[in-house]
Amino acid sequence: MIRKVCVVTGTRADFGLLYWLMKEIQKDENLELLIIVTGMHLSNEFGLTYKEIEKEFIIQKKIEIIMSSDTSIGVSKSLGLGIISFSESFEELKPDIIVVLGDRYEILSAVSAGMIAKIPIAHIHGGEATYSLIDESIRHSISKMSHIHFTATDQYRKRVIQLGEMPQKVFNVGGLGIENINKLKLLKKNVFEKSINFKLNVKNLLVAYHPITLEHNKTEKEFMTLLEIINELEDTNIIFTKSNSDVEGRKINKLIDQYVYENPKNSISITSLGQIRYLSALKYVDAIVGNSSSGLLEAPSLKIGTINIGGRQDGRIKASSVIDCLPNKQNLIKAFKKLYSSEFQSALKSVDNPYGNENASYKIVKILKTIKLENILKKSFYDIEYEL
C-alpha cells in the first residue's frame, strides 16, 4: 500500500533543505508526495517563493497565514489561523505521515493540527538549541508532538531522547544542507554575477541577519552596529538577503533598504536568492555574516568563514570556521580581523562540517516507507536514569 507523505514548507530556507528529500519521496514508487506551502512562500513581501517550488513539484495546498504586522500579536494571529487552515487541509488530503523541518511558528501550527487529527508526524532537525530565540521552545514542542525524529548529529539525537522520546524512533541521519552542496550544480562566477546584476569585488560578504526574538528592542540597534562596521570595510561588496517574518523582521529589512539606497555601488539587497543562487553566493564570498543557521550548516562545507553575531545560534554545534562574535563594535572589528588573517584563511581549507554527509534524504525515505505506523500515536515517555 502506498503511503501518502505530506511535506509542509513555510520558508525559502526550509524548502532549500527539504528539496532533495521531496525529490526522493517523489520518485519512490511506495510513497506519494503531498506538498503544503504556507508562511513566507505566499507573501509578495518575501518574494512569493512558492513559484520556485512549482517549477518542479505539484503543490496540493497553499495556506496563507502571514499577517501584515510582525508584532507578537500578528505572529500569534498567524499561528491561530494556521491551525484552522491546516486542520481543514489534513482532513481533505488524509496523509499517512506529515513531514516537517525545524522550529518556526508556521510549522508549530501544522504540527498542532496534525496531532489533533491523529496523523503521525516526522520531525527533522530536532534536538538542536538556540537559547536566544523563541524557536528553542517551538522546536522542542514540535519534537514532543512528533512520533518519528530525524536529527543532524548524534548529540542532537541524545537531546531528543532526553525529552522522553523513544530511542528506536529517533534517527541520526545527518544534516540536509550538505546534500544541496554536493548534488546541485552551482553557478559559475560570471553567471552568478549576471543572475543578480551585481559585480563582485576583491572582497565580498553575504549578510543574513534575523531578529533575536527573546531579547526586547535589541535587534535594530545591533544590526545598525553591524552596518556601521561594514561601511568601514575597504574593497568589499555586500550581498544582503532579507530577514524572515519573525517579530521585528521588517525593521531589519527597512535598514537594509536604506543602506543599499545610500551605497548602491558596493551593496545589493535580494529578498530571496533561491537555493542555487544562495549556495553559489556562499561559494564566491569570503564569509557569511549575521546570525543565520546556514552559516553553521552549509558554509563549512564550502570552506568559507562565518561571523556569527550574538546569541541567536547559541547551543548549536559549530565548525572551526565559525567565529562567534558579540554584537558590539569592538568585537565585530576583532572578528573581521580574524576572518581575513592568513592563519584563519589557511585553516578553512581543512575544516570539517559536523553535520554529516550527503545521504540524509535517502536515509529518511527508507525509514518513512518501512517504519510501522500501527499504534505509533500511543507514545510512552522514555525515562533516563540520572545519578544525583
TODO: Find the distance between CD (E222) and CG (L326) and round it off to the nearest 0.5 Å.
DONE: 9.5 Å

Task: Any donor-acceptor N/O pair, E32 side chain to R3 backbone, under 3.5 Å - done: no

TODO: Supply the atom-to-atom distance I63 CD1 to I83 CD1, rounded to the nearest 0.5 angstrom.
DONE: 11.5 Å

TODO: Could you name each residue pair satisfying ring pair (Phe, Tyr, Trp, His ring centres under 6.0 Å) that touches residues 136-168, not counting sequence neighbours?
DONE: F150-F171

Open item on the list: Checking S43 now: which residues fulfil side-chain contact (heavy atoms from CB on, under 4.5 Å) with it, not counting sequence neighbours?
Closed with: E45, F46

Open item on the list: Under 4.0 Å between a side-chain nitrogen and a carboxylate oxygen: does that hold for K55 and E52?
Closed with: yes

Open item on the list: Does anything in residues 140-152 form a salt bridge (Lys or Arg N to Asp or Glu O under 4.0 Å)? List the pairs, not counting sequence neighbours.
Closed with: K144-E165

Show the atom names and distances, to 0.1 Å, of all donor-acceptor pairs under 3.5 Å that link a side chain in residues 110-119 to residues at least two apart or in another chain.
from, atom 1, to, atom 2, distance (Å)
S112, OG, L108, O, 2.8

Task: Set of residues satisfying side-chain contact (heavy atoms from CB on, under 4.5 Å) with respect to M166, sequence neighbours excluded - done: Q168, K169, S380, Y382

With a cut-off of 3.5 Å and sequence neighbours excluded, list every side-chain donor-acceptor pair involving residues 195-202.
from, atom 1, to, atom 2, distance (Å)
S195, OG, F192, O, 2.6
N201, ND2, N237, OD1, 3.1

TODO: Keeping to residues at least two apart or across chains, list the side-chain hydrogen bond (donor to acceptor under 3.5 Å, both in side chains) pairs with something in residues 366-378.
DONE: D28-K369

Open item on the list: According to ring-ring contact (aromatic ring centres under 6.0 Å, His included), who are the partners of F336, at least two apart in sequence or on a separate chain?
Closed with: none

Open item on the list: Please list all pairs meeting salt bridge (Lys or Arg N to Asp or Glu O under 4.0 Å) that have one or both residues in residues 262-283, counting only residues at least two apart or in different chains.
Closed with: none

Ignoring hydrogens and angles, write down the donor-acceptor pairs under 3.5 Å from the side chains of residues 284-300, residues two or more places apart or on other chains.
from, atom 1, to, atom 2, distance (Å)
Y284, OH, L187, O, 2.6
Y284, OH, K189, N, 3.0
D286, OD2, N204, N, 2.8
D286, OD2, Y340, OH, 3.1
N291, OD1, H210, N, 2.7
N291, ND2, H210, O, 2.9
S292, OG, S294, N, 3.2
S292, OG, S294, OG, 3.0
S294, OG, Y278, OH, 2.5

Task: Residue pairs passing the salt bridge (Lys or Arg N to Asp or Glu O under 4.0 Å) test where at least one lies in residues 148-161, sequence neighbours excluded - done: D154-K158

Open item on the list: Applying salt bridge (Lys or Arg N to Asp or Glu O under 4.0 Å) as the test, list every pair that has at least one member in residues 223-244; sequence neighbours left out.
Closed with: E228-K329, E232-K329, K242-D257

